[in-house]
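For reference, the structure discussed in these notes is given below.
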2 protein chains.
Amino acid sequence: MARAAGVSPATVSRALSGGPVSAELRKKVEKAVKAIGYRPNLSARRLRSQNTKTIGLVVADIRNPFFTAVSRVVEDMAYAQGMRVVLCNTDENPEREAFYLRSMQEERVTGLILAPTETTLHKLEKDPLLEVPVVMVDRYLASSRYDAVALDNVQAARVLVEHLIASGKKRIAGLFGNSSRTGQERYQGYAEAVTKAGLPVLGQFIRPYTSDAESALRQLWASEKPDAIIASNSLTAGGILRAVKALKLRIPEDLAVAAFDNEPWASLVEPGLTVIAQPVDDIGHAAMQLLSDRIQNPGLQPRTVMLGGELIVRGSSATG
Amino acid sequence: MARAAGVSPATVSRALSGGPVSAELRKKVEKAVKAIGYRPNLSARRLRSQNTKTIGLVVADIRNPFFTAVSRVVEDMAYAQGMRVVLCNTDENPEREAFYLRSMQEERVTGLILAPTETTLHKLEKDPLLEVPVVMVDRYLASSRYDAVALDNVQAARVLVEHLIASGKKRIAGLFGNSSRTGQERYQGYAEAVTKAGLPVLGQFIRPYTSDAESALRQLWASEKPDAIIASNSLTAGGILRAVKALKLRIPEDLAVAAFDNEPWASLVEPGLTVIAQPVDDIGHAAMQLLSDRIQNPGLQPRTVMLGGELIVRGSSATG
DNA sequence: TTGTACGCGTTATCAG
DNA sequence: CTGATAACGCGTACAA
């Protein structure tokens with residue numbers, strides 16, 4: 001490139017990065033850029049500057065609408081700051097997580113946004129093998145060494161259950177994801193609420209897939225005969241509705257249903273699905289904000305941003 | 001690292017990449033790796049090897065379930081080949097597309113998977129400023145210079161419309177995305193089918209957002225009084241169902257509805273949404289396969305993989 | 001203002 | 001089998 005423009009490499013570098021260059025030479029460089037279709041080499045630039053301007057986004061599965069929404073916000077904010085986003089799906093598999101975290105280290109990412117499994121969450125807390133800025137999303141430990149942003153799951157689950165109790169439900173079941181802290185916290189809020197009301201605890205942990213939720217509900221219906229059920233996420237909710245349809249149960253008369261995540265279809269299914277809406281945009285925004293802050297100032301005390309959910313009542317939980 | 005292990009850089013490189021090294025020195029290197037938590041620097045590796053092992057994925061919006069599904073498959077296959085995926089959302093905005101394509105060039109991506117707007121699609125065909133392997137996804141031009149994989153949109157739309165005609169519908173409307181070739185093709189298949197049956201063409205192009213679809217249907221219902229409508233994608237379908245609900249129309253008696261994309265909720269809404277299911281996994285798989293082939297052999301003739309959709313009939317289009 | 005020289009961390013080539 | 005050396009493309013201190 002330098003010789004294509006007939007100037008020194010240094011001049012090219014300066015011209016392209018707005019350094020002090022005479023108008024004449026600047027023209028020469030710009031002309032050469034167009035002539036040969038020159039594009040600066042980011043690998044070289046990163047190696048030299050020791051700044052990759054890359055953020056790693058490691059989530060369980062981008063098809064989970066929650067992560068989809070978060071990733072979109074993260075990508076928007078990243079590119080607004082001239083950063084790129086590398087996407088990783090771990091399928092809640094600690095081995096894949098370990099692999100990706102190693103990769104992100106080799107990538108020398110500027111920062112990392114991570115929704116870890118319970119396993120990895122504890123491992124990272126014990127020995128902090130990541131020396132890059134990290135923000136946990138959706139899952140976190142109290143008084144962690146890492147920044148985190150998440151829904152107040154315990155509180156949100158409690159609100160959801162109390163709503164069902166207020167609707168007169170007496171046998172409230174719950175299906176919770178078995179691999180993430182999120183599921184545990186929502187279970188906790190659920191269990192506290194039903195216990196406090198003197199109702200039985202009918203919660204169980206399942207893999208967060210539609211089919212697992214479907215069969216779990218069938219079993220539950222054949223044994224415990226709940227009159228209401230809450231789902232820890234939208235995939236599980238889908239499975240429940242599928243089973244409800246197959247069993248020809250009426251909602252909410254036979255079974256009230258409520259869930260987490262206000263998917264677009266929540267208002268389209270009959271009679272409308274009651275949900276806790278997560279502020280996904282705010283969560284993504286907070287994650288990037290925490291990350292930017294920490295990148296600028298690594299010495300910061302770890303911060304946890306806890307956001308509230310919004311209860312949206314629809315027909316699926318209407319007073320019986 | 002080299003001096004931490006007490007050997008030469010070359011030996012470190014060989015040891016880590018399985019080259020010919022004595023067992024003794026290999027131990028030394030491995031020990032040093034653990035001791036200092038060494039991770040190879042990918043920027044340096046890429047600069048030196050001129051191989052970034054990175055694929056760029058440029059789509060309109062990762063929140064569109066079609067792209068979500070494709071991206072998941074792409075990411076899976078990429079990492080199975082030791083490649084990373086950089087994600088870009090263009091919002092169907094040609095300027096953002098241009099920006100990202102430039103970025104991907106600077107990134108020296110090994111390959112590019114791209115769902116371009118109509119604008120960019122034509123521009124790239126005219127002057128091929130991308131000299132990396134490119135696979136178009138979801139949108140493409142006939143006899144293009146690029147590889148492509150997509151649904152046979154004309155055919156699929158025709159099938160969908162013919163199904164509605166067979167159900168006795170006489171005034172079939174259609175809402176199609178206004179920014180992508182996909183919308184145009186589906187319109188074409190729609191128009192052909194209704195014309196052939198001697199029915200009026202009530203199709204229109206809208207921005208592919210839920211709210212636009214909602215107001216479009218309200219207007220349509222107030223003027224053309226269709227007895228059926230098809231939606232070019234799942235967001236548009238959602239808007240239609242929302243408006244239908246607000247207008248208290250009965251499906252399918254007042255208005256039959258059919259759409260593209262078999263989202264999980266399609267079977268959950270009453271009375272079930274008739275759709276053309278896109279083979280999203282196959283599409284993602286084919287895209288990566290085409291890309292791998294072209295990376296291995298850049299001289300290949302451009303290929304277009306056209307996949308068929310599957311008509312899934314549900315209650316929303318039941319014979320009136 | 002401009003050019004020269006060096007180094008970022010790696011791999012490939014070439015001697016030894 | 002191993003080490004010195006060069007080069008990938010860029011940015012920057014330093015000299016001119």
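Throughout, protein chains are lettered first and strands after them, A, B, ... in sequence-line order, and every chain is numbered starting at 1.
Annotation: of the two residues near DNA chain D, G6(B) and L47(B), the 5′-most nearest-nucleotide partner is G6(B).
With hydrogens and angles ignored, the 3.5 Å screen pairs a side-chain donor or acceptor of S292(B) with a backbone N or O of M288(B).
Between the NE2 atom in H285(A) and the CG atom in L307(A) there is a gap of 11.0 Å [rounded to 0.5 Å]. The distance from atom OG1 of T11(A) to atom CG of L16(A), rounded to the nearest 0.5 Å, is 10.5 Å. For the atom pair CG of D76(A) and CG of D61(B), the computed distance is 8.5 Å after rounding to the nearest 0.5 Å.
The nearest whole Å value for the distance from the CG atom in N51(A) to the P atom in dG9(C) is 14 Å. Rounded to whole Å, atom P of dG11(D) lies 12 Å from atom CE of M1(A). In this structure, the CD atom of E106(B) is 15 Å from the P atom of dG9(D), given to the nearest Å. Put simply, CZ on R26(B) is 13 Å from C1' on dT2(D), counting in whole angstrom units.
Contact annotation: R48(A) side-chain N/O to dG7(C) OP1/OP2 distance is not under 4.0 Å. Contact annotation: R45(B) side-chain N/O to dT11(C) OP1/OP2 distance is under 4.0 Å. The side chain of T11(B) places an N or O atom within less than 4.0 Å of a non-bridging phosphate oxygen (OP1 or OP2) of dG3(D). Put simply, S49(B) has no side-chain N or O that comes within less than 4.0 Å of OP1 or OP2 on dC8(D). For dT2(C), the OP1/OP2 oxygens have a side-chain nitrogen or oxygen of S22(A) closer than 4.0 Å. For the pair Q50(B) and dT10(C), the criterion of a side-chain N or O lying under 4.0 Å from OP1 or OP2 is not met.
For a distance-only test at 3.5 Å, the side chain of R14(B) qualifies as a donor-acceptor partner of the base of dG3(D).
Shown are T120(A), L124(A), L121(A); of these, the side-chain contact (heavy atoms from CB on, under 4.5 Å) with E97(A) is made only by T120(A).
Out of dG3(D), dG9(C), dT12(D), the shortest distance to the side chain of A10(B) is found at dG3(D).
Across all strands shown, V12(A) has no heavy atoms under 4.0 Å from either base or sugar-phosphate atoms.
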